[in-house]
Amino acid sequence: MVTQVATKGKTLTERGEVPHPRERFSAVETRFPAYAVPFGDPRLAATARRNRSVWAAIDLSEYDPDDSGVFKTKSEVRKLVKSNRTRIAELQELMFAEGKHAMLIVLQAMDAGGKDGTIRHVMGGFNPQGCHVVGFGVPTKQELAHDFLWRIHPHTPPRGYVSIFNRSHYEDVLVVRVKELVPKKVWQARYDHINNFERLLADSGVTILKFYLHISKDEQKKRFERRLQRPDKHWKFDPADLKTRTRWDDYMRAFEDVFSKCNHPWAPWYIVPANRKWYRNLVVSTIIVEAMERMDMHYPPALEGLEGIVIE
Ligand code: AMP
Ligand code: MG
């Protein structure tokens with residue numbers, strides 16, 4: 001269970017409470033609260049603009065991208081990730097059959113942060129039939145002529161379905177802010193628009209999970225270098241990403257504002273340590289499983305008289 005307890009800092013291992021391997025799964029769960037962005041002080045909320053945004057200052061430098069909880073190697077988590085994927089598939093089928101809930105997963109990260117890899121390794125557990133993956137790139141001329149949520153809304157999931165956003169409406173307060181693509185007044189108003197939009201979705205049965213895959217600037221360097229070294233990764237190398245990299249600190253500030261202003265119990269942010277891909281996959285998959293378990297779903301009642309049916 002994910003509870004809002006501040007356990008940031010020490011791992012169970014550091015506290016000398018090394019868990020038995022069989023207990024490791026729940027041990028990792030108790031570490032997750034550290035990744036859930038705190039919802040902020042209710043007293044601050046009272047003075048927050050129009051009472052809608054709960055402002056709690058987030059300092060990303062307090063979150064360690066190298067963290068891997070109680071685990072040291074990939075082989076330790078392989079089975080856990082696999083069982084999460086299996087559980088995700090079961091729960092998705094139940095979600096589809098029940099037709100009451102929908103789920104929206106938002107992935108944001110710096111370039112080479114692992115959004116594609118997370119979709120491949122974790123979301124690979126979803127049945128493609130009930131799942132819609134959509135990437136948001138530079139808006140078209142037509143999209144720019146509309147409000148910034150116009151291109152987003154059609155991709156939100158209907159009941160029974162899952163949508164995965166590879167980048168999202170948050171780009172409109174991240175890259176747009178850092179590159180000054182619109183005046184400050186315009187992007188500043190967007191936090192409220194985003195909060196209202198997500199509230200609308202949540203009120204309509206959508207469970208929203210937002211993941212920031214947190215890599216270090218060093219790790220990004222390594223991943224860019226790997227892309228340059230491997231011919232099969234060249235297609236991923238975008239020289240424009242190097243320009244973005246020079247604004248690293250500005251992006252961190254922009255992300256921190258997102259976590260402070262657009263984090264709510266009905267649309268929480270998770271800051272996932274993502275330098276180690278295997279741990280990232282474990283964290284993301286476990287949070288998804290837990291969120292789906294909490295939906296408390298049930299198969300619809302069977303038609304009456306099924307037991308009497310004989311198939312000729
Ligand atoms: P990729 O994820 O590698 O396909 O790159 C997509 C690019 O589109 C990134 O450089 C994003 O910053 C950019 N992008 C996404 N949304 C927006 C937006 N609303 N305004 C400007 N650029 C965007
Ligand atoms: Mg790219």
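Residues take their numbers from the sequence shown, with the count starting at 1. We count ligands from 1, going down the list as the structure has it; atoms in each ligand are counted the same way.
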With sequence neighbours excluded, residues passing ring-ring contact (aromatic ring centres under 6.0 Å, His included) with [X]:
X: H155; result: H132, F136
X: F211; result: Y270
X: Y161; result: F96

Problem set entry | Backbone N/O of I215 and side chain of R280: donor-acceptor pair under 3.5 Å |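 No; judged by distance alone, with no hydrogens or angles, the pair does not exist.
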Find all protein N or O atoms under 3.5 angstrom from an N or O atom of ligand 1 and list the pairs with distances, or write 'none'.
from	atom 1	to	atom 2	distance (Å)
ligand 1	2 (O)	R167	NE	2.6
ligand 1	2 (O)	R167	NH2	3.2
ligand 1	8 (O)	V138	N	3.2
ligand 1	12 (O)	E171	OE1	3.3
ligand 1	16 (N)	G137	O	3.2
ligand 1	16 (N)	R151	NH2	3.2
ligand 1	19 (N)	R151	NH2	3.2
ligand 1	19 (N)	D172	OD1	3.1

Exercise. Do you know the tightest heavy-atom contact between C262 and N195?
Worked result: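 Minimum heavy-atom contact is CA-OD1, 3.3 Å.
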Problem set entry | Six-ring centre of W278, R78 cation under 6.0 angstrom, axis tolerance 45° |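 The answer is no, since R78 fails at least one limit relative to W278.
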